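All ligand and atom numbering here is 1-based and tracks the order in the structure. The analysis underlying the following values was restricted to heavy atoms, covering all of them including side chains, and did not include hydrogens, waters or symmetry mates. Keep in mind that what you see is a predicted model, and the values were worked out from it rather than measured.
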Amino acid sequence: MTTDTATPNKPRKLVVTGGAGYVGSVCAARLIEAGHDVTVVDDLSTGHADAIPDGARFVEGDAAEVAETLLAEGFDGVLHFAAKSLVGESMQDPGTYWRGNVVTSLRLLDAMRGHGTPRLVFSSTAATYGEPESSPIPETAPTKPTNTYGATKLAIDHAITSYAMAHGLAAVSLRYFNVAGAYDQFGERHATETHLIPLVLQVASGTREQVQIYGDDYPTDDGTAVRDYIHVADLADAHLLALDHARAGEHQIYNLGNGTGFSVRQVIEACRSVTGHPIPAVVSQRRAGDPAVLVAASDQARERLGWKPERTDLTGIVADAWRFTQDRAQTGPA
Ligand SMILES: NC(=O)c1ccc[n+]([C@@H]2O[C@H](COP(=O)([O-])OP(=O)(O)OC[C@H]3O[C@@H](n4cnc5c(N)ncnc54)[C@H](O)[C@@H]3O)[C@@H](O)[C@H]2O)c1
Ligand SMILES: O=c1ccn([C@@H]2O[C@H](COP(=O)(O)OP(=O)(O)O[C@H]3O[C@H](CO)[C@H](O)[C@H](O)[C@H]3O)[C@@H](O)[C@H]2O)c(=O)[nH]1
């Protein structure tokens, strides 16, 4: 890998793996708006071709396989969003997650090394920490993932550290907490949806009868689990900053969240207030492996990247997701 000196706001030639997915499409759109040259690589396994923003070049295929030849063209960096990311599925079919996440990412790292691609921004996750010992969670917290998905992301983080140290890669891992909201015409539309806000909004839009509250006996104020919801556009801003702050031979790791927790009941209430729908909710069993409270300490991202989330109001986050849900209902299939 070549050494890299970052220049802020410099237009770059970038590969975005997973750019047809939820977070990747928003980030690709923001990168293009900022003047970067974006090539999306996506196998469309969970993404959608029509989510790839205008102005991006699209190469369909497996991220590792495509990178092995594509990177020969000479790129300034890779933003690596492509992954399998369903916690439940990862427990039932771990091989798919170890191959799809870890093996794919190792091949990508080798391709970057082979072709001298200097810079990587990687989508890591709060799931690398597992059940936290205290809250909010800083980057120095112990990493003890409680599911295979989190274990694969942690393994990739370890591999990135080794490649940065040994080969001079400039790398940043961003550990997202609960990503939510929408940006422009880009939002969350997973065929298998497990995330709370889109599921609740399906009730409001009439495609689901009720929402289940997974447990109301947690040691929290209202008994339901608490999460840190971060707007997808704020997350995208962090990726742009990470590109500028990546330094050769360093692997920086940052938590991305607002630092405020909202319970499942509070989220449902925010959805009721935004949509005007009563949204029936029933309490069911806890979902296996769900921690009671996950809230980020994001001071490092604020101090070192200069990141400042702008869209922290839960109602505003839900309102953006709702606008996206309604727009999709008019413009095409989910
Ligand atoms: N959404 C969240 O709340 C959240 C939280 C923490 C971390 N993350 C991470 O962020 C990233 C994006 O998540 P998302 O919610 O946008 O998921 P998503 O499923 O919407 O997007 C993933 C994209 O990657 C593509 N893809 C998967 N495997 C591929 C491969 N081998 N080669 C090429 N393309 C491939 C899919 O087709 C899809 O377009 C993932 O790495 C995920 O683990 C997401
Ligand atoms: O129908 C539902 C869906 C979810 N929940 C609850 O709502 C909260 C949020 O659940 P999500 O599935 O929306 O999100 P998670 O907190 O489980 O997962 C998020 O955080 C994880 C880290 O633990 C990973 O990073 C993952 O990718 C990311 O989406 C949890 O307490 C969950 O039990 C419900 O009560 N009912």
Side-chain angles (χ1 to χ4, degrees), residues 16-27 40-49 51-52 59-67 79-88 90 96-97 99-101 103-105 107-108 122-132 137 145-147 149-150 152-153 156 174-180 186-200 202-203 208 210-216 218 220 224-230 232 235 256-257 262-265 267-268 281-294 296:
V16 175
T17 76
Y22 170 41
V23 182
S25 63
V26 173
C27 288
V40 166
V41 180
D42 199 299
D43 65 5
L44 302 181
S45 52
T46 58
H48 309 268
I52 298 165
V59 182
E60 184 174 344
D62 174 69
E65 213 168 292
V66 171
L79 294 100
H80 183 35
F81 299 93
K84 302 261 157 231
S85 60
L86 296 174
V87 170
S90 79
T96 297
Y97 278 70
R99 279 186 297 277
N101 291 351
V103 175
T104 300
S105 298
R107 283 178 63 191
L108 175 66
F122 173 61
S123 302
S124 189
T125 167
T128 53
Y129 295 111
E131 184 78 50
I137 306 172
T146 50
N147 56 62
Y149 163 66
T152 64
K153 289 283 181 169
I156 299 164
L174 299 175
R175 291 190 172 156
Y176 317 158
F177 280 61
N178 288 61
V179 191
F186 309 102
E188 194 164 11
R189 50 182 172 126
H190 295 127
T192 307
E193 191 54 78
T194 60
H195 288 155
L196 180 63
I197 291 176
L199 285 172
V200 178
Q202 285 177 8
V203 180
R208 180 177 294 271
Q210 58 188 23
V211 64
Q212 291 187 49
I213 296 173
Y214 296 147
D216 67 351
Y218 284 102
T220 60
T224 65
V226 168
R227 295 290 182 271
D228 185 339
Y229 294 88
I230 172 81
V232 67
L235 203 71
L256 296 181
F262 293 99
S263 71
V264 173
R265 284 198 196 283
V267 169
I268 296 171
V282 290
V283 176
S284 62
Q285 295 287 313
R286 289 184 182 192
R287 191 170 61 181
D290 271 351
V293 179
L294 284 177

Quick check: does His190 get an N/O under 3.5 Å from an N/O on ligand 1? yes

Here the atoms of ligand 1 under 4.0 Å from any heavy atom belonging to Ser124 are 6 (C), 7 (C)

Can you report which non-hydrogen protein atom sits closest to atom 17 (O) of ligand 2, along with the distance? Arg287 NH2, 2.7 Å

Going by the atom numbers of ligand 1, which of them fall below 4.0 Å from some non-hydrogen atom of Ser85? 42 (C), 43 (O)

One finds that the ligand 1 atoms under 4.0 Å from a non-hydrogen atom of Leu44 are 37 (O)

When distances are taken from atom 29 (O) of ligand 2, the protein heavy atom at minimum range is His195 NE2, 2.6 Å

If you compare Ser45, Ala63, Ala67 by their heavy atoms, the one closest to atom 27 (C) of ligand 1 turns out to be Ser45

Which residue owns the protein heavy atom closest to atom 34 (N) of ligand 1, what's the atom, and how far is it? Asp43 N, 3.1 Å

Got an N/O contact under 3.5 Å between Ser85 and ligand 2? no

Going by the order shown, which atoms of ligand 1 are within less than 4.0 Å of some heavy atom of Gly61? 32 (N), 33 (C)

Lys153 contact mode with ligand 1 (heavy-atom cut-off under 4.0 Å): side chain

Enumerate the atoms of ligand 1 whose separation from the nearest heavy atom of Gly47 is less than 4.0 angstrom. 36 (C), 37 (O), 38 (C), 39 (O)

Out of Tyr176, Tyr149, Phe81, Tyr22, who is nearest to atom 10 (O) of ligand 1 when you count heavy atoms only? Tyr176

From the candidates Asp42, Val26, Thr152, the one that places a heavy atom nearest atom 39 (O) of ligand 1: Asp42

Just need the protein heavy atom nearest to atom 36 (N) of ligand 2, so name the residue and atom and give the distance. Gln212 O, 2.7 Å

Which of the numbered atoms in ligand 1 are under 4.0 angstrom from any heavy atom belonging to Thr125? 6 (C), 7 (C)

Given Phe177, Tyr214, Tyr129, identify the one with the heavy atom nearest to atom 34 (C) of ligand 2. Tyr214

Close-contact set for ligand 1 against Phe177 heavy atoms, below 4.0 Å: 5 (C)

May I ask you to check if ligand 2 and Tyr229 share an N or O to N or O distance below 3.5 Å? no

Side-chain donor or acceptor of Tyr214 paired with backbone N/O of Val264 under 3.5 Å: no

So if I count the atoms of ligand 1 from 1 in the order they appear, which ones are less than 4.0 Å from some heavy atom of His195? 1 (N), 2 (C), 3 (O)

